[in-house]
Amino acid sequence: MLKIFNSLTRSVDEFVPIEHGKVRMYSCGPTVYNYQHIGNFRTFFFEDILVRVLKYNGYEVKYVMNITDVGHLTSDHDEGEDKMEKSAKEKGMSVWEISKYYTEVFLKDVKLMNILAPDIYTKATDYIEEQISMVKCLEEKGFTYITSDGVYYDTSKFPDYTKLAQLDVEGMREGARIEFSEEKKNITDFALWKFSPKNEKRQMEWESPWGIGFPGWHIECSAMSNAILGKHFDIHCGGIDHLPVHHTNEIAQSEACTGEKYVNYWLHGEFLNMGDEKMSKSTGKFITLQSLIDEGYSPLDYRYFLLMAHYKKKLKFSIEALDSAKSGYRNLLSKLASLKKSENGAVTDATILDGFKSKFLQAINDDLNMPVAMSVLWDMIRSNSISAKDKLELAADFDNVFGLKLIEAVEKPEALAEIPEEVSILAAKRLEAKKSKDFKLADEIRNEIKTLGYDVVDTKDGFSINKSSS
Ligand code: AMP
Ligand code: ZN
């Protein structure tokens, strides 16, 4: 029986799906104005583990993740600039180019982390009509009011507003240091639709019954999940920072509009910290997956690092801890490689195998307790009572949840070595040089790549890069 911590009830609850054997799940995805950092990937990894655990338990999962490409403002209180428009201005690119570029990098990194792709990625800008319809629905039901800068949700009209985060609204008002627009009726009210500034042309803006503008950040998730998963679905996830504002507002919008319960289980992953603070894009102090690769780590070393902590505990990032995860992971692979070479095909007592299987299942079903599940894997590998063949089979079975590519990495260890960005850029330059028949430059670049420890080989379609064997 799977049990998960539900932020709504604040307890570890048995998971019971709405429809027998099926799960409908939604996660808040990236805002694509910058690189996703390894903190963001901690959250996407935890959501991936949840999907894998659901599948391991035999559920058929329909999983949706959104991509925020409009409407996320620099402040959570409907003030400030749109993060996308700001980034576009700073980088001298169009908003659409920014969105395309960072979405592509995100998708590449997701793959490198061996995170299973959701069934559907939805972009906010592809669902403008649905968002406008939901705002209309809220207007018709009397939940909105209009100010000089947009259409707002009146949170005092939704009695259950504070239920998810157990917000102390009175306390918020008294201690209000957050900017609180004069025109807002309540401190917790939020924008559903923002008007384009009068003296400025936005790159992304749409016609609406209230005037030209763009959707508020929260409405996209309510509208897209409703369009794809229906009014009422099983699981909604995100990082812990989404709980008091974004998810609280999603519930208010969805339940006020449909009149039904929105989501049964809310799951939130804790932060990855740098020092004592959350790793964050806005401070500029963050680490990308590519920078770890450039330092010689595999994205799966990082995955192993994440598996060593429970998703509801804060995790401090350090190179020392990552090094220790890297050696743990490489050690695991070398143990599996030696099992592969071993001839021991003796039959194992089935009760011993079942014992390990049930301990593993118990750990993953105990609110996704990966550190315990990892210790079951290690105990199983160290056991003297299991044949090499059975150990490998069981490791492959457990890896459906861990996602460490255990068997693949044992068979093809070179696949673990990702190519540093610097080397990829040089190889692309070399191809350009060859195309323009500058063979001298092409040779020089080949040598430079060689000194970095890689060989570039010409192929029919361009080139391939391998780690030098010497
Ligand atoms: P964003 O691109 O900022 O919308 O964030 C994408 C996801 O990463 C959200 O679910 C956030 O809650 C989550 N997130 C942001 N910072 C961190 C962090 N330091 N550790 C873990 N998750 C994070
Ligand atoms: Zn969301």
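Order of appearance sets the numbers: ligands from 1, and atoms from 1 within every ligand. All figures in this text were calculated on a predicted structure; none of them were measured in a lab.
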SG-SG distance C257 to C137 under 2.5 Å: yes

Under 2.8 Å: N/O/S of H242 next to the Zn ion (ligand 2): no

K326 to Y297, cation-pi by 6.0 Å centre distance and 45° axis angle: yes

Residue C221, metal the Zn ion (ligand 2), N/O/S under 2.8 Å: yes

Backbone or side-chain N/O/S of H246 under 2.8 Å of the Zn ion (ligand 2): yes

Criterion side chain to side chain donor-acceptor pair (under 3.5 Å) against H268, the qualifying member of H236, H247, K312: H247

Which N, O or S atom of E250 lies nearest to the Zn ion (ligand 2), by name: OE2

Short N-O contact, D82 and K194, less than 4.0 angstrom: no

Pairs satisfying ring-ring contact (aromatic ring centres under 6.0 Å, His included), at least one member in residues 126-148, at least two apart: F143-Y153

Cation-aromatic face contact R202/F214, 6.0 Å, 45 degrees: yes

Parallel, tilted or perpendicular, as decided by the 30° and 60° cut-offs, for the rings of F360 and F402: perpendicular

First-shell residues of ligand 1 [heavy atom, distance under 4.0 Å]: C28, G29, P30, T31, Q36, H37, G39, N40, T43, F44, G238, G239, D241, H242, E270, F271, L272, K278, M279, K281

Ring center gap for Y33 and Y102 short of 6.0 angstrom: no

